[in-house]
Amino acid sequence: MISLELNFNVLTRDLSHYLENQVKVGLFGSGVGLSLVLGFSAAYACYYLISVAKKPKLVVGGEKFYRFLKEQCPVVSETYYPTFWCWESRVQTLLRPFVTAKPGVTYRKCVVFNNRGVSGEKLLTPRTYCAANTEDLEMVIDHIHRLHENAPIMAAGVSMGGMMLANYLGRKGRETCLRGVVVFSAGWDVFECTASLEKPLDRFLFNSYLTSCLQASVDRHRPVFEKLYDIDHVMKAKTIRQFDERFTSIMFGYPTNDDYYRDASPIHRLKSVQVPMLCLNAADDVFSPNHAIPVEAVKQNPNLALLITCHGGHIGFLEGLWPRQSTYMDRVFRQFAKAVVEQGGKLKDL
């Protein structure tokens, strides 16, 4: 009995001494914490390199355009390494405006097309903009061409701007002065895009906020609109779909909102595009879901190319440890624009 009690006292003393030392040296000092951190870091690095960092999928409608991109735009063949601490789609989408700096304009001539009523100017007529209507865009492009008839003109569109640009090309066919076009994070099928944004999490993160921004734009010009539209009813909309049903589709004369969404979806006009157009989408973009990206339609038109990254979110495409200066999207634009301006002759008669 004395021996048992002695052993218990010794065990208690040794355990107390061990715990006391652990508190003094800390978790990392013991080596156990450091091992855990190193193990977790190694596991995360393996997961990142195997499942996150991947080469983009390149879909091209013709062999000539495919060779041009491979030779002139190496970015289409390189592995895209999303920023390792924020590669998830929603995080990339939300963080980009806060972590990236405004890029310096290094082009000789650059024109920014702003839609009606969104840049602080006062609306003079009761009309704004929508993804299906390309009249204003066409007027701007024609005006620039008249001023610089001999200059090679390119265009780039982002998100809804990309949708408008694709719809414009689909309507114009060969009757456009543009030498090349690049489109980022476009929504190809508005029905699918809207349905995706109405899922609970995405409705909370994006849909409600964007709806309030649209309503604020309308309310800012209320005196111009209130004689033609029920603005109070518009201001009660909870989603983008409800806003379009109560305002956008009515403004542009569509019988129903479905008619507007069908007309606004660029996927239906891709077969008519006759200008080299490179499109960049992320497979995890909640604004333009992967299953609605028009892979098969692109394969049928030699003027189209589609670059799909596994990650990147909506207009995110962050890369590097701290993605302050440049993104994957910026690199795609720079390389394609340079190639079209300097080597555009190779793209004739696709």
Side-chain angles (χ1 to χ4, degrees), residues 97 102 105 109-148 153 155-172 176-178 181 183-187 190 193-194 197 206-266 269 287 314-315:
K102 292 182 179 180
V105 178
K109 298 286 184 179
C110 180
V111 177
V112 178
F113 168 62
N114 290 311
N115 286 304
R116 301 187 188 199
V118 298
S119 301
E121 76 277 7
K122 183 179 179 181
L123 276 179
L124 302 179
T125 58
R127 173 173 160 172
T128 55
Y129 61 93
C130 75
N133 187 277
T134 60
E135 294 174 3
D136 289 350
L137 177 61
E138 181 177 347
M139 183 184 70
V140 170
I141 292 174
D142 289 344
H143 176 69
I144 296 170
H145 181 56
R146 285 194 298 271
L147 294 177
H148 307 280
I153 301 176
V158 179
S159 191
M160 197 183 80
M163 297 168 65
M164 294 176 67
L165 194 51
N167 280 326
Y168 161 80
L169 291 179
R171 288 194 174 102
K172 299 295 290 184
T176 178
C177 61
L178 297 179
V181 168
V183 168
F184 301 107
S185 297
V190 181
C193 298
T194 308
L197 287 173
F206 305 112
N207 202 324
S208 298
Y209 172 73
L210 292 175
T211 302
S212 66
C213 291
L214 291 169
Q215 290 170 323
S217 179
V218 171
D219 193 50
R220 189 161 55 247
H221 305 288
R222 180 186 282 261
V224 182
F225 294 131
E226 57 188 358
K227 292 181 180 180
L228 297 175
Y229 311 103
D230 186 350
I231 302 302
D232 290 335
H233 187 51
V234 173
M235 299 303 291
K236 293 177 182 178
K238 301 299 182 183
T239 64
I240 295 173
R241 187 192 299 270
Q242 290 180 1
F243 177 88
D244 288 335
E245 289 172 345
R246 302 174 186 188
F247 186 74
T248 312
S249 60
I250 298 174
M251 171 176 288
F252 287 91
Y254 290 96
T256 67
N257 194 58
D258 283 356
D259 291 309
Y260 163 52
Y261 278 5
R262 192 173 297 107
D263 193 36
S265 299
R269 295 192 176 90
F287 284 72
H314 187 69
I315 330 173

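The first residue in the sequence is number 1, and the count goes up from there. Predicted model, so just to flag it, every value in this text is computed and none were measured.
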Participant: As an exercise, state the distance from OG1 of T248 to CG of N257, rounded to the nearest 0.5 Å.
Facilitator: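 Those atoms lie 7.5 Å apart.
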Participant: Applying ring pair (Phe, Tyr, Trp, His ring centres under 6.0 Å), name anything that partners F184, two or more places apart in sequence or on another chain.
Facilitator: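 Result, ring pair (Phe, Tyr, Trp, His ring centres under 6.0 Å) vs F184: none returned.
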Participant: Looking only at atom types and distance, does a side-chain atom of N167 sit under 3.5 Å from a main-chain N or O of A264, one as donor and one as acceptor?
Facilitator: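 Such a contact is found between N167 side chain and A264 backbone.
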Participant: What's the verdict on side-chain contact (heavy atoms from CB on, under 4.5 Å) for K238 and T211, showing C-alpha distance, side-chain angles and the deciding distance?
Facilitator: CA-CA 7 Å; K238 301 299 182 183; T211 302; over 6 Å; no
Participant: Please find out if less than 6.0 Å separates the ring center of F252 from that of Y260.
Facilitator: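 Not close enough - the centres of the two rings lie 6.0 Å or further apart.
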Participant: Less than 4.5 Å apart, side chain to side chain, heavy atoms only: is that true for K172 and L178?
Facilitator: no
Participant: Strictly below 4.0 Å, N to O, side chains only: are D232 and R222 in salt-bridge contact?
Facilitator: yes
Participant: Distance check, rounded to the nearest 0.5 Å: S159 atom OG versus M164 atom CE?
Facilitator: 11.5 Å
Participant: With the side chain counted from C-beta on, respond yes when D136 and F113 share a heavy-atom pair under 4.5 Å apart, and no when they do not.
Facilitator: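 Yes - at least one pair of side-chain heavy atoms lies under 4.5 Å apart.
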Participant: State, to 0.1 Å, how close Y168 and T134 come at their nearest heavy-atom pair, and which atoms those are.
Facilitator: N-CG2, 3.7 Å
Participant: Nearest 0.5 Å, please: how far is CG in L214 from OG1 in T239?
Facilitator: 10.5 Å
Participant: With rounding to the nearest 0.5 angstrom, report the CG to CG distance, D244 to D258.
Facilitator: 11.0 Å
Participant: Salt-bridged, R262 to D259, with N to O below 4.0 Å?
Facilitator: yes
Participant: Would you say T125 and R116 make side-chain contact, with heavy atoms under 4.5 Å?
Facilitator: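 Contact flag for T125/R116 side chains = yes.
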Participant: State the CG-CE distance between N133 and M251, to the nearest 0.5 angstrom.
Facilitator: 10.5 Å
Participant: Using a 4.5 Å cut-off on heavy atoms from C-beta on, say whether the side chain of L123 contacts that of T128.
Facilitator: yes
Participant: Roughly how far, to the nearest 0.5 Å, is the CD atom of E121 from the NE2 atom of H221?
Facilitator: 6.5 Å
Participant: Do you know which two heavy atoms are closest between Q215 and M235, and how far apart they sit?
Facilitator: NE2-O, 3.0 Å
Participant: Of the non-hydrogen atoms in C193 and G187, which two are nearest, and what is the gap between them?
Facilitator: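 Taking C193 first and G187 second, the nearest heavy atoms are SG-CA, 3.5 Å.
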Participant: For the pair H314 and F206, evaluate side-chain contact (heavy atoms from CB on, under 4.5 Å) and give the outcome as yes or no after the intermediate values.
Facilitator: CA-CA 11 Å; H314 187 69; F206 305 112; over 6 Å; no
Participant: Kindly give the heavy-atom pair with the smallest separation between E245 and I250, and that separation in Å.
Facilitator: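 Heavy atoms of E245 and I250 come nearest at O-CD1, 3.6 Å.
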Participant: Between I153 and C177, which heavy-atom pair has the shortest distance, and what is it?
Facilitator: CD1-SG, 4.1 Å
Participant: Under the side-chain contact (heavy atoms from CB on, under 4.5 Å) rule, what do L210 and F243 come out as? Steps first, then yes or no, please.
Facilitator: CA-CA 10 Å; L210 292 175; F243 177 88; over 6 Å; no
Participant: If you apply the rule side-chain contact (heavy atoms from CB on, under 4.5 Å), what do you find for L169 with T176, and how did you get there?
Facilitator: CA-CA 8 Å; L169 291 179; T176 178; 4.3 Å; yes
Participant: Would you name the heavy atoms of P126 and Y229 that are closest together and state the gap between them?
Facilitator: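 Nearest heavy atoms, P126 then Y229: O-OH, 3.8 Å.
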